[in-house]
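Below, chains carry the letters A, B, ... as their sequence lines are ordered, and counting in each starts from 1.
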Amino acid sequence: MSKYDPKEIEPKWSRHKGGISPDGAGSTGINNKYEPKNIECNWQKKWNKSGIYKTQDFSNKPKFYALDFFPYPSGEGLHVGHTKGYIATDIASRKKILEGFNILHPMGWDAFGLPTENYAIKHKIHPRIATEKNIANFKKQLEKIGFTYDWDREINTTDPEFYKWTQWIFLKMFEKGLAYESEEPVNWCPSCKTILANEDLENGRCERCGTQVAQKKMRQWVLKMTAYADRLLYDLDSKDLDWEDLIKEQQKNWIGRSEGAKVKFQITNYKLQKNTKYQIPNTKYFIEVFTTRLDTIFGCTYCVVAPEHPIIKNYESRIMNYEEVEKYIIQAQNKTELERTGLAKEKTGVELRGIKAINPFTNEEVPVWVADYVLGSYGTGAVMAVPAHDERDYDFATKYGLPVKNVIVAKNFQFPISNFQANPKSQTPSSKQAEKAYKKDGILINSGKYNDLTSEKAREKMTKWLESEGIGEKKVNYKMRDWVFSRQRYWGEPFPLIFCPNCKKIAESSKSPTVAKAMAGKQIPNYKQTQNSKFPPTTDQPQAGKIQNMEFSLGEILNPGWIAVLEKDLPVKLPEVKSYEPTGTGESPLAKISEWVNVKCPKCNGPAKRETNTMPQWAGSSWYYLRYVDPKNKKAPVDKEKEKRWMPVDLYVGGAEHATRHLLYARFWHKFLYDIGIVSGKEPFKRLVHVGLINGEDGRKMSKRWGNVINPDDVIAEFGADTLRLYEMFMGPFAQNISWSTKGVNGMRRFLDRVWGSNVKCQMSNDKSNSNDKIQNSNLERLLHKTIKKVTEDIENFKFNTAISAMMILSNEFEKSAYGGQRANLFKEYYSNFLILLSPFAPHIAEELWESLGNKKSIFLESWPKYNPKLAQEEEIELVIQVNGKVRDKIKAAADILEEEAKNLAIQSEKVKKIIDSRTIKKVVFVKGRLVNIVI
RNA sequence: GGCCCAGUGGUGGAAUUGGCAUACACGCGACACUUAAAAUGUCGUGCCCUUACGGGCUUGUGGGUUCGACUCCCACCUGGGCCACCA
């Protein structure tokens with residue numbers, strides 16, 4: 001790190017010719033108007049040249065790692081909404097610099113992905129060129145705002161030296177069996193011509209282009225994120241995680257853990273007599289359902305399976321209306337996601353006539369239906385339907401005339417037993433048929449030996465019974481799915497995988513039963529998750545090993561034929577192509593480049609082909625924060641010592657829209673990197689703060705479409721960067737969405753004009769005791785200490801709006817002391833402290849005024865002022881006198897006035913006397929330093 | 001439908017976490033400076049009654065707890081966010 005050397009730059013900077021008196025005080029010499037244009041660019045150059053913000057890898061100072069969600073360099077450029085978060089981290093960083101921290105505050109580019117590619121196709125520019133152009137533009141915009149970034153650590157996800165390590169991490173996941181090839185139906189965007197992850201959807205539409213997404217069966221790479229579901233959930237509540245509840249809640253909902261039970265419903269042989277004893281061990285024909293409401297099982301009146309459930313094919317010969325069922329299934333598959341799950345959904349289904357299922361608790365036979373309101377991809381793909389206590393089942397049962405059987409009543413429910421069971425068909429506790437399902441927990445009725453138990457207790461007992469009989473068990477399910485990780489597009493990281501037909505044969509020749517099972521189902525056996533377990537588990541899992549004297553990794557065994565590119569051959573560079581349009585066939589444009597696709601197998605040297613899909617945009621951002629720590633490392637994604645030094649990120653700021661994507665993906669990757677020993681902590685981001693949007697002046701979201709986009713360049717040209725910085729922080733609470741107001745910007749500029757002006761108008765004095773304005777200044781002293789306290793705490797809490805308001809109050813007082821016709825004396829120390837408080841917010845003007853006071857070094861080499869708690873409190877207060885809670889009088893009193901004295905003062909008040917009149921005083925309440933309340 | 005958040009002047013918002021509601025700013029009005037305008041400065045600015053002195057009302061609505069509620073509890077209304085047939 002080069003040291004800040006004022007000598008090097010100082011001479012060019014004596015722009016102001018003001019006389020500095022020998023004692024360093026005296027007139028400041030600034031009497032020109034505040035013109036940000038004249039000072040901001042110069043200070044930016046000076047900071048760059050001096051290297052004042054260069055990060056030291058190791059120093060004795062405590063570390064502070066401040067990070068923003070790195071931007072996607074789009075063709076549109078930055079608008080003022082993007083910069084809001086960046087300004088906040090910059091303020092936090094500058095304050096930490098002043099407090100003596102060694103800071104890491106980097107910036108980089110999340111540049112792979114669909115928007116750039118679509119932009120490139122539209123404008124006929126190669127995505128690489130478009131990216132370079134956009135980055136240059138973004139950087140220019142950012143530099144004008146005066147951030148403390150250390151540009152030596154700039155990263156770019158599309159740089160082969162960066163994505164080499166993205167590929168490396170993927171290979172490690174593959175090696176450990178966390179990446180698998182799959183051919184399940186996935187979300188397909190017909191416009192972007194690629195598959196999308198669940199996280200990339202908004203209401204069943206492509207998050208990028210708004211096109212309705214279709215379900216398409218397609219070969220794809222999937223990361224086994226569900227293996228980390230429990231840890232992703234559990235660690236959210238860890239002490240090390242200082243996140244807003246809003247974001248935590250969103251992640252919890254997304255992970256969607258539910259505890260319940262799996263239950264096997266035996267399928268009857270239709271010819272069996274009704275009273276045949278239920279004999280579970282003698283047959284293997286079951287429908288296995290998942291339920292979180294085992295307590296309602298006595299109310300189950302039918303079962304439903306998803307259209308893709310295997311039971312349908314298996315029982316083809318037994319299902320009497322198979323043609324009808326098949327027709328329904330085809331219909332259901334042709335529905336779009338929206339039709340199937342959308343708002344106006346009408347439930348449909350067909351009974352599987354010819355088979356029935358037996359409720360293991362009642363031994364009753366219930367009909368089995370196929371309906372697309374049951375999802376094949378969640379739980380077991382089959383449910384027990386309890387219309388009385390589930391809304392969906394209730395709707396369905398009502399439509400198709402299926403019975404409703406009540407088994408739960410509210411805890412405090414009183415019902416006449418005579419009415420109850422009067423009508424066996426609808427055993428509602430009241431004489432009237434219930435109009436909707438009672439969904440809450442309650443007390444069991446109609447449930448045999450479980451009657452009168454609470455729902456909670458019943459679930460516990462019933463689960464135990466299931467387990468003892470071997471026909472069911474406790475089961476946890478997650479809404480979160482594995483991460484669909486491949487895209488059929490050009491502008492992304494190539495997969496470092498090669499397909500070798502010869503090695504496929506060898507892998508498949510393995511006789512290991514677990515391997516065979518894994519290959520057949522393309523599934524990795526589940527392993528028991530515990531909060532501290534690492535992946536992969538060591539038992540109940542196929543292992544890496546030798547087949548025919550060749551070493552295969554777990555990934556290579558689970559995905560026969562797929563061979564990892566050797567580490568020494570990384571990165572697998574994205575080849576230059578002329579045509580990068582998506583093909584639409586499900587193949588990436590890379591498939592057409594035969595000289596790139598055809599390679600020798602790294603394992604057997606036979607002819608083989610590269611994987612031609614690319615990784616999704618979120619790949620690079622899942623670990624980029626680690627690379628800033630050690631951006632030039634050629635041997636590993638990050639050096640261990642440096643990782644320990646800097647991680648975790650102390651402050652991470654970005655929009656809430658990433659709560660369920662980037663933040664989940666990054667936590668997943670980080671946990672994996674922890675498991676394989678690359679990082680030392682379980683969580684990447686210690687403190688997370690979410691930034692609210694800035695809308696246009698019309699209240700709508702800023703967009704080209706509405707013509708309401710505000711470009712920071714224009715604001716800076718008109719008002720200056722410091723005004724922009726202050727205004728964005730002053731707009732309102734940081735996390736809130738607020739509309740831009742040009743008038744408000746103007747007001748902020750006026751504030752800075754006044755700050756500049758008081759420097760001109762006030763006579764700086766170094767001598768507190770001899771000051772003509774001693775009394776004035778002693779009031780100022782209290783105010784200053786109050787302001788230091790307020791600003792210090794508010795920055796910590798991201799309450800920038802009130803911090804600025806506090807500085808305005810102080811500055812207004814400076815102004816007052818400068819008026820009255822005469823130039824007033826202002827104690828220099830107060831003004832200096834004020835400038836330091838202001839400097840994180842408005843660094844350019846602070847530096848300029850600091851210099852004008854005769855200081856030779858940057859203001860950022862000073863230290864953050866400390867407040868005196870005694871001075872930060874008022875000496876004298878206005879004691880509020882209330883009668884029956886209403887304010888009736890205010891009396892000046894010492895802040896530490898005692899109870900007796902205060903009460904006496906209150907009662908003696910003329911105004912109070914009038915109101916009390918002849919009524920008697922019942923009680924007098926005293927709150928120290930605040931008020932007296934007289935109750936009459 | 002589920003989970004979460006918010007509702008305070010003409011506007012953005014503040015309120016030490018149960019103790020002076022409306023800080024700070026925008027806007028508006030009056031005045032000063034100016035030939036004039038802009039800029040700047042001074043004063044005023046929650047609503048209602050009153051010439052005034054003064055009084056009454058006020059934090060989406062209704063109720064509750066409390067000496068005292070923007071703040072806590074219950075119900076409702078309105079707006080926003082995330083998820084959404086997840087059994």
Using whole Å, what does the distance between atom [atom2] of nucleotide [N] and atom [atom1] of [X] come to?
| X | N | atom1 | atom2 | value |
| --- | --- | --- | --- | --- |
| L752(A) | U40(B) | CG | P | 13 Å |
| N884(A) | A69(B) | CG | C1' | 15 Å |
| K399(A) | C85(B) | NZ | P | 17 Å |
| R754(A) | C24(B) | CZ | P | 11 Å |
| W756(A) | U40(B) | CH2 | C1' | 18 Å |
| K479(A) | A84(B) | NZ | C1' | 7 Å |
| H785(A) | U16(B) | NE2 | P | 23 Å |
| D794(A) | A23(B) | CG | P | 17 Å |

Among the nucleotides [options], which one has an atom lying closest to any side-chain atom of [X]?
| X | options | result |
| --- | --- | --- |
| Y378(A) | G1(B), A87(B), G56(B) | A87(B) |
| M808(A) | C4(B), A87(B), A25(B) | A25(B) |
| K890(A) | C26(B), C20(B), A87(B) | C20(B) |
| K743(A) | C26(B), C57(B), C3(B) | C26(B) |

Classify the side chain of K347(A) versus the base of C85(B) as yes if they form a donor-acceptor pair under 3.5 Å and no if they do not.
yes
I'd like to check the salt bridge (Lys or Arg N to Asp or Glu O under 4.0 Å) partners of [X]; sequence neighbours left out, ordered by chain and number.
| X | value |
| --- | --- |
| E391(A) | K439(A) |
| K440(A) | none |
| E473(A) | K262(A) |

Under 4.0 Å from any atom of RNA chain B, heavy atoms only: list the residues of residues 250-263 of chain A that qualify, in numerical order.
Q250(A), N253(A), W254(A), S258(A)
Can you pull out the residues from residues 692-703 of chain A that lie within a 4.0 Å heavy-atom distance of RNA chain B?
none
Base, sugar-phosphate alone, or nothing: which one does [X] contact when heavy atoms must sit under 4.0 Å apart?
| X | answer |
| --- | --- |
| S741(A) | nothing |
| V383(A) | base |
| V887(A) | sugar-phosphate |
| R481(A) | base |

Please tabulate, for the side chains in residues 892-902 of chain A, all donor-acceptor contacts under 3.5 angstrom to protein atoms that are two or more places apart in sequence or on a different chain.
residue : atom : partner : partner atom : Å
E899(A) : OE2  : K903(A) : NZ           : 2.8

Between I809(A) and D753(A), the residue closer to the 5' end of RNA chain B by nearest nucleotide is I809(A)
The answer to which of N933(A) and S805(A) contacts RNA chain B further toward the 5' end, by nearest nucleotide, is S805(A)
Can you tabulate the close N/O pairs, meaning under 3.5 Å, that link protein atoms to atoms of nucleotides 10-14 of chain B?
residue : atom : partner : partner atom : Å
G12(B)  : O2'  : M731(A) : O            : 2.7
G13(B)  : OP1  : Q736(A) : NE2          : 2.2
A14(B)  : OP1  : N801(A) : ND2          : 3.1

Pairwise C1' distance for G46(B) and G29(B), with rounding to whole Å:
16 Å
For U71(B) versus U65(B), give the span between their P atoms, rounded off to a whole number of Å.
15 Å
Partners meeting ring pair (Phe, Tyr, Trp, His ring centres under 6.0 Å) with F841(A) (sequence neighbours left out):
none
Residue list, ring pair (Phe, Tyr, Trp, His ring centres under 6.0 Å) with F926(A), at least two apart or on another chain:
none
Does [X] come within less than 4.0 Å of [Y], counting only side-chain N to carboxylate O?
| X | Y | value |
| --- | --- | --- |
| D441(A) | R459(A) | yes |
| D230(A) | R257(A) | yes |
| D753(A) | R749(A) | yes |

Enumerate the residue pairs fulfilling side-chain hydrogen bond (donor to acceptor under 3.5 Å, both in side chains) with a member in residues 653-662 of chain A, sequence neighbours excluded, ordered by first and then second residue.
D200(A)-R661(A), E207(A)-R661(A), Y652(A)-H662(A)
How about F396(A) and Y302(A): are their ring centres within less than 6.0 Å of each other?
yes
Now, which nucleotide makes the Watson-Crick or G-U wobble pair with U61(B), with each of the two distances under 3.5 Å?
A75(B)
Residue pairs fulfilling ring pair (Phe, Tyr, Trp, His ring centres under 6.0 Å) with at least one residue in residues 736-755 of chain A, sequence neighbours excluded
Y727(A)-W740(A)
Sequence neighbours excluded and cut-off under 3.5 Å, please list the side-chain donor-acceptor pairs for residues 795-807 of chain A, or say none.
residue : atom : partner : partner atom : Å
E796(A) : OE1  : K95(A)  : NZ           : 2.6
N797(A) : ND2  : E793(A) : O            : 3.1
T802(A) : OG1  : D794(A) : OD2          : 2.7
T802(A) : OG1  : K799(A) : O            : 3.1

For U17(B), is chi within 90° of 0 (syn) or not (anti)?
syn
Anti/syn call for G10(B), syn if |chi| within 90°
anti
